[in-house]
2 protein chains.
Amino acid sequence: MSILTAAADVLRCFSSTRHDVTVTDLVTLLGMPKSNASRLLRAMRDEGLLETVGDSKRYRPALLLAQVGQLYRFAASLIDRADAVVGRVSDEIGHTGYISVRRGTEIIGVTAHPGRHALRVVTAIGDRIPAFASSTGRALLARLSDAEVRALYPEGFTAPSETAPRSMDDLLARLAETRRNGFAESHDEAVRGVRAISVGLGDPTTGDEVALCISFPAATVEPGERLSIIRSLAEGAAEIAALTQDKRFFPLNLTSSETAP
Amino acid sequence: MSILTAAADVLRCFSSTRHDVTVTDLVTLLGMPKSNASRLLRAMRDEGLLETVGDSKRYRPALLLAQVGQLYRFAASLIDRADAVVGRVSDEIGHTGYISVRRGTEIIGVTAHPGRHALRVVTAIGDRIPAFASSTGRALLARLSDAEVRALYPEGFTAPSETAPRSMDDLLARLAETRRNGFAESHDEAVRGVRAISVGLGDPTTGDEVALCISFPAATVEPGERLSIIRSLAEGAAEIAALTQDKRFFPLNLTSSETAP
DNA sequence: ACTTAAGTTCCATTTTTTGGAACTTTTTTG
DNA sequence: CAAAAAAGTTCCAAAAAATGGAACTTAAGT
């Protein structure tokens, strides 16, 4: 067994509740002889993978790992990662998935994964739709404060469809619901007969924000399937949010959303 | 030579301009036989240190490193606390804030808070800049004695910009000023048109030292706003310094610094 | 389809790693 | 403050892994 395995195991010992390790910690956690633990920690420090805390016998990850780890974020940009999640969910359930960004009061599709079903929702990348009247838009608007949302619409807006928000108060109520539930939903808004589930997500370091969305024909999707779409999407988004340390992410709260239409 | 050395060398190949590597890259960069390069990359992937990009032959840092690297930022509670202060100040005034550490004669960004202003300073986490030619660097160098600073630069240095220190004597004079004022300032040094205010801070228990910095476009910031940035930053830093019993902390002394350019 | 470049596998040799035990240092405690 | 216990380090020969050159396979360019 290569020493790389042991080194990787050491890295896996670190967690939010264990910021540093000692020789004895490794003996306990990994069951290795303490002679090995001692040498391994020293070797990893000598190579710049770990550093000692002060001049104690405690070891913690070193700057090198912070730097390389940081690159991971850019190697896989927020859009890339969000796209991977949407692609996976879309593949699983066969419905169209896409991700969008907000520019002012408009939502713009960035990537799309067409579904496999005969009756499928087709979205054009680059198309602009009003933010307040779409699930993707509301998923992103929900990340703003009510005051910021009001500021975006100084003149108010006109609902383009029956099920779209009718007024600013209506919109704010639906954003509150979105925050509570951890996802936004639309029905017959942009396209009649189409339902969409969206989750908003951001990377505070770069300031990017995207919405992940799965869109499907309302008629053919059972309540159970809808729930599983919501779960898959929210779960994938939550993983990314944890990575980017997105503090404005709203986690899934299914108890309140079970009551949705 | 342990394979750990090679693995660490591979990690050091990554940078903000090289997000992934191939077998040939390693052969070129590290001068190793390609048989080794091939096996090493595969081994590192198998251990979860690297991952392949798509199904290509390109390797990039894996999630594990992102996670462990993330921990580094808060393993040192000093960084955690300093980050909180910079985050608060950055939020208040809308300009970019970040914290950095010194490794030898280089300064490395550890965390960043992008500003809200349209014209904002963007700093890449993990990038290295020379210590003597930045406000963060001088805030940290000011914590050393003149003799220690001289020892760091046995061969002297070359000023990379007009406003950077021109000589060792120049640098030492500016460090003395930094100690007197309680903060360091730069103008047009790393980036033209950018001004930065930095305060150094340490934790004698762990030996960690960090610089808190707020960076902003010189043109858009009034003298009064500059003073209020200095005050906020110095105040937050002073609180932490009191907590860690940092004896090398230089408190704010605005009477002397009012005369700064 | 051919040529070249890139990557992988093979193998005997060299080097590192392993784990138990003895040893040293640090911490705890009576 | 000294003895005891715990934690950490060093030593050694056996076992395992790494090395690098060459042959081989796969992918890319013409």
Side-chain angles (χ1 to χ4, degrees), chain A residues 1-15 17-62 64-65 68 71 75, chain B residues 1-15 17-62 64-65 68 75-77 203-208 245:
Chain A
M1 187 185 74
S2 162
I3 196 175
L4 270 185
T5 314
D9 285 344
V10 169
L11 295 186
R12 268 182 272 271
C13 287
F14 294 106
S15 71
T17 57
R18 189 186 302 278
H19 288 178
D20 47 39
V21 298
T22 62
V23 169
T24 336
D25 286 343
L26 290 195
V27 172
T28 315
L29 292 166
L30 304 176
M32 59 169 50
K34 59 179 183 168
S35 52
N36 286 359
S38 173
R39 281 177 304 216
L40 178 56
L41 286 176
R42 183 155 31 117
M44 289 178 75
R45 170 171 58 74
D46 291 346
E47 300 303 343
L49 299 172
L50 302 180
E51 59 188 34
T52 40
V53 179
D55 52 0
S56 72
K57 312 267 193 226
R58 315 193 69 77
Y59 291 80
R60 68 180 179 203
L64 172 63
L65 295 179
V68 172
L71 288 177
Chain B
M1 187 187 70
S2 161
I3 196 174
L4 270 185
T5 314
D9 285 343
V10 169
L11 295 187
R12 269 182 272 272
C13 288
F14 294 107
S15 71
T17 57
R18 188 187 302 278
H19 289 180
D20 47 39
V21 298
T22 62
V23 169
T24 332
D25 288 342
L26 290 195
V27 172
T28 314
L29 292 166
L30 304 176
M32 59 168 51
K34 60 178 181 168
S35 50
N36 285 359
S38 174
R39 281 176 304 217
L40 178 56
L41 286 176
R42 184 158 29 126
M44 288 177 76
R45 170 172 57 75
D46 290 347
E47 301 303 345
L49 299 172
L50 302 180
E51 60 187 32
T52 40
V53 179
D55 53 358
S56 70
K57 311 267 192 232
R58 315 192 71 77
Y59 291 80
R60 69 179 177 204
L64 172 62
L65 295 179
V68 172
S77 57
D203 181 344
T205 319
T206 61
D208 295 332
Q245 308 222 290

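Source: prediction; values computed, not measured. Residue numbers begin at 1 in each chain, while the letters A, B, ... track the order of the sequences.
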Under 3.5 Å, which donor-acceptor pairs link side chains of residues 33-43 of chain B to any protein atom two or more places apart or in another chain?
{"residue": "Asn36(B)", "atom": "OD1", "partner": "Arg39(B)", "partner atom": "NH2", "Å": "2.6"}
{"residue": "Arg39(B)", "atom": "NE", "partner": "Ser35(B)", "partner atom": "O", "Å": "3.4"}

Using every non-hydrogen atom in the two residues, find where Asp20(B) and Phe14(B) come nearest and quote the distance to one decimal.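 Of all heavy-atom pairs spanning Asp20(B) and Phe14(B), the closest is CA-CE2, 3.7 Å.
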Nearest heavy atoms of Ala62(B) and Gly48(B), plus distance in Å
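Of all heavy-atom pairs spanning Ala62(B) and Gly48(B), the closest is CB-O, 3.4 Å.
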Using whole Å, what does the distance between atom [atom2] of nucleotide [N] and atom [atom1] of [X] come to?
X        : N       : atom1 : atom2 : result
Arg58(B) : dA27(D) : CZ    : P     : 16 Å
Tyr59(A) : dA7(D)  : OH    : P     : 16 Å
Asp9(B)  : dT19(D) : CG    : P     : 11 Å
Met44(B) : dA18(D) : CE    : C1'   : 15 Å

*asked:* Please enumerate all residues that pass side-chain contact (heavy atoms from CB on, under 4.5 Å) together with Ala8(B), with sequence neighbours excluded.
replied: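 Residues passing side-chain contact (heavy atoms from CB on, under 4.5 Å) with Ala8(B): Glu47(A), Leu49(A), Arg12(B).
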* Mind checking what makes side-chain contact (heavy atoms from CB on, under 4.5 Å) contact with Leu29(A), not counting sequence neighbours? ->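 For Leu29(A), the residues satisfying side-chain contact (heavy atoms from CB on, under 4.5 Å) (neighbours in sequence not counted) are Cys13(A), Arg18(A), Asp25(A).
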With B for base contact, S for sugar-phosphate-only contact and - for none (protein heavy atoms under 4.0 Å), nucleotides 9-21 of chain C reads BBB---SSSBBBB
By side chain to side chain donor-acceptor pair (under 3.5 Å) - contacts of Ser15(B) (at least two apart):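 Thr17(B).
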Across all strands, who's sitting opposite dG30(C) as a Watson-Crick or G-U wobble pair, both distances under 3.5 Å?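 For dG30(C), the partner nucleotide comes out as dC1(D), under the 3.5 Å rule.
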